[in-house]
Amino acid sequence: MALTLVFLGRLEDVAGAATLAVPTLGTIAAIIDSLDPALALALRDPRVKLAVNGLLAVERDDLALQDGDEIAFLPPVSGG
């Protein structure tokens with residue numbers, strides 16, 4: 001039915017919201033493709049990490065997504 005996308009840091013600004021409910025489309029690539037182009041571009045940055053239900057995903061392409069999953073997008077961090 002639906003997944004919850006969570007955007008952290010600067011990604012929240014690009015998304016315009018901290019969370020977004022989207023249909024379960026099967027793959028991360030399909031979900032990203034369904035989003036606003038500016039947001040999709042930001043999420044495709046290879047430095048953006050992904051967590052599914054609180055667990056950091058090592059490989060994006062092989063995720064098995066299910067209804068109700070929470071997918072968090074974590075931007076690269078910098079600091080001093």
Side-chain angles (χ1 to χ4, degrees):
M1 299 276 214
L3 302 170
T4 301
L5 306 183
V6 177
F7 306 105
L8 302 174
R10 68 174 178 81
L11 297 174
E12 180 179 349
D13 294 334
V14 177
T19 62
L20 180 64
V22 298
T24 304
L25 298 176
T27 66
I28 292 296
I31 291 166
I32 291 173
D33 287 344
S34 74
L35 300 173
D36 177 80
L39 178 57
L41 180 64
L43 297 179
R44 285 189 185 104
D45 183 329
R47 298 172 298 160
V48 171
K49 303 297 181 204
L50 187 76
V52 178
N53 299 324
L55 299 173
L56 195 60
V58 176
E59 183 60 48
R60 287 183 174 206
D61 298 329
D62 294 334
L63 293 175
L65 300 175
Q66 299 178 15
D67 289 335
D69 281 350
E70 178 185 89
I71 302 167
F73 293 92
L74 300 87
V77 293
S78 63

Considering all heavy atoms, the nearest A15-F7 contact: CB-CD1, 3.5 Å

Spacing of I31 atom CD1 and L3 atom CG [to the nearest 0.5 Å]: 4.5 Å

Under the side chain to side chain contact (heavy atoms under 4.5 Å, CB included) test, residues paired with A57 that sit two or more places apart: L50, L63

CG-CG distance between L11 and L39, expressed to the nearest 0.5 angstrom: 7.5 Å

Ignoring hydrogens and angles, write down the donor-acceptor pairs under 3.5 Å from the side chains of residues 21-30, residues two or more places apart or on other chains.
| unit_1 | atom_1 | unit_2 | atom_2 | d |
| --- | --- | --- | --- | --- |
| T24 | OG1 | D67 | OD1 | 2.6 |
| T27 | OG1 | A30 | N | 3.0 |

Hydrophobic cluster membership, L74 vs L20, 4.5 Å side-chain cutoff: no

Side chain to side chain donor-acceptor pair (under 3.5 Å) involving D69 - partner list, sequence neighbours excluded: N53

Atom of P75, atom of G9 and distance for their closest heavy-atom approach: CG-CA, 4.1 Å

Sequence-distant partners of D45, salt bridge (Lys or Arg N to Asp or Glu O under 4.0 Å), two or more places apart: R10, R47

With sequence neighbours excluded, residues passing side chain to side chain contact (heavy atoms under 4.5 Å, CB included) with A40: I32, R44

Residues in side chain to side chain contact (heavy atoms under 4.5 Å, CB included) contact with V6, at least two apart in sequence or another chain: T4, L8, T19, E70, A72

